[in-house]
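It should be emphasised that the depicted structure is a prediction, and the values quoted were computed from it without experimental measurement. Atoms within each ligand, like the ligands themselves, are counted from 1 in listed order.
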Amino acid sequence: MTAQLRAGVMGWPVKHSLSPVLHGHWLKRYGIDGSYEAFPVKPEELPDAIARLRDEGFRGTNLTVPHKEAAMALVDRVDATARRIGAVNTLVLGDDGSLDATNTDAYGLVENIRDHAPEPLETLFGGRPAVILGAGGAARAAVVGLADLGIGDIRVVNRTLSRAAALADIAGPDCTLRAVGWDAREAALADAGLLVNTTTLGMEGQPLLDLDLATLPLDAVVNDIVYAPLETGLLAAARGHGNPSVDGLGMLLHQARAGFRAWFGVDPVVDDDLRDAVLGARG
Ligand code: ATR
């Protein structure tokens, strides 16, 4: 008898994580004898928790706040994408017991936009700039994902300008990244092909994002990585303005695919059934 395939997510706190629901949905759908659980792990417990993965028969794990940076020093290999982002969210245990780490957030962000944008993404933006609001970890993933997609001009708008400027190094040689101050956020929208909010503004319990979309071209795609609420003020404003809009839930769903594939051996599908299962669990 083969042992059950095990994976999970480590975070602190972790009880609100939707990952067990989405991986559980896929395990059932594909008839896989596997498990995916949430593990509350305090920062000081992370080295032990990672070291125990092998002994406890895990195929790997996801990592969420606050472990995404600290885990980089606790694995054998960190791939190039994760190094650029400066954080990891997926660990995969090899047959030899070594641990590989990657970051699937850039992939998740791009695939979510691809799923909902009106044209093939590679041609959609036609040389127009992308505007990213925010300069934290999610913005780093957005810069890497969009630069690797071929967007050659990215404007990072952030309240703390120095944090935006610090992202220039990770965009790569074929992408020009400009840091823009928060006061100039509306001017930065002129001629943009894509707007992505990676700040916490608009999230439940956080202040609203104060942004007038009048300067944004009508065909620009608007994506909010916030998914609680599902329709943020930004997405409602985009809809009102006539722009195509993409909510943030799909990023969570798509970023999970690589881990599932590596641990359980099936490339899972992101579809409405999965989305409904995750939304149902959110209540
Ligand atoms: P994450 O790593 O999840 O992206 P983060 O590093 O806390 O989170 O980043 C949150 C982002 O929201 C930052 O860009 C932050 O701006 P600063 O870098 O200036 O802190 C932005 N943000 C949070 N509250 C904000 C506010 N009231 N006005 C403007 N930007 C805000």
### Task
Compare Leu201, Ile225, Asp105, Asn158 and give the one whose heavy atom is closest to atom 16 (O) of ligand 1.
Asn158

### Message
Checking a contact table here: which protein heavy atom is nearest atom 5 (P) of ligand 1, and how many Å away?
### Response
Gly136 CA, 4.1 Å

### Task
State plainly whether the residues Arg140 and Asp169 are in salt-bridge range, i.e. N to O under 4.0 Å.
no

### Query
So, for atom 3 (O) of ligand 1, does the protein have a heavy atom nearer than 4.0 Å?
no

### Task
Could you tell me whether some N/O pair between Gly137 and ligand 1 is separated by less than 3.5 angstrom?
yes

### Neighbour count >12 (heavy atoms, 6.0 Å) for atom CG, Asp96
yes

### Query
Under 4.0 Å from any heavy atom of Gly134, which atoms of ligand 1 are there?
14 (O)

#### Entry: Location of contacts on Arg163 toward ligand 1, heavy atoms closer than 4.0 Å
side chain

### Message
If we set the cut-off at 4.0 Å for heavy atoms, which region of Thr160 has an atom near ligand 1: side chain, backbone, both, or neither?
### Response
both

### Message
Centre-to-centre under 6.0 Å for Tyr36 and Phe58, is that the case here?
### Response
no

### Message
Taking the basic N atoms (NZ, or NE/NH1/NH2) and the acidic carboxylate oxygens, is any pair closer than 4.0 Å for Arg128 and Asp219?
### Response
yes

#### Entry: ligand 1 N/O within reach of Thr199 N/O, cut-off under 3.5 Å
no

### Task
Answer yes or no: is there an ion pair linking Asp273 with Arg29, defined by an N-O contact shorter than 4.0 Å?
no

### Task
Please determine if Asp247 and Arg275 form a salt bridge, counting it only when a charged side-chain N lies under 4.0 Å from a carboxylate O.
yes

#### Entry: Proximal ligand 1 atoms for Trp182, defined as those under 4.0 Å from one of its heavy atoms
29 (C)

### Task
Specify whether the nearest protein heavy atom to atom 8 (O) of ligand 1 is under 4.0 angstrom away.
no

### Query
If you count the atoms of ligand 1 from 1 in the order shown, which ones are under 4.0 Å from a heavy atom of Thr200?
12 (O), 23 (C), 24 (N)

## Note on the structure
Residue set satisfying ring pair (Phe, Tyr, Trp, His ring centres under 6.0 Å) with Phe264, at least two apart, ordered chain then number -> Phe260

### Message
One thing to verify: whether Asp191 and Arg155 come together as a salt bridge, which I'm taking to mean a side-chain N less than 4.0 angstrom from a carboxylate O.
### Response
yes

#### Entry: Lys/Arg-Asp/Glu bridge criterion (N-O < 4.0 Å) met for Asp105, Lys68
yes

### Best match, Arg140, Arg159, Glu69: closest heavy atom to atom 31 (C) of ligand 1
Arg159

### Query
Any non-hydrogen atom of Pro207 lying under 4.0 Å from ligand 1?
no

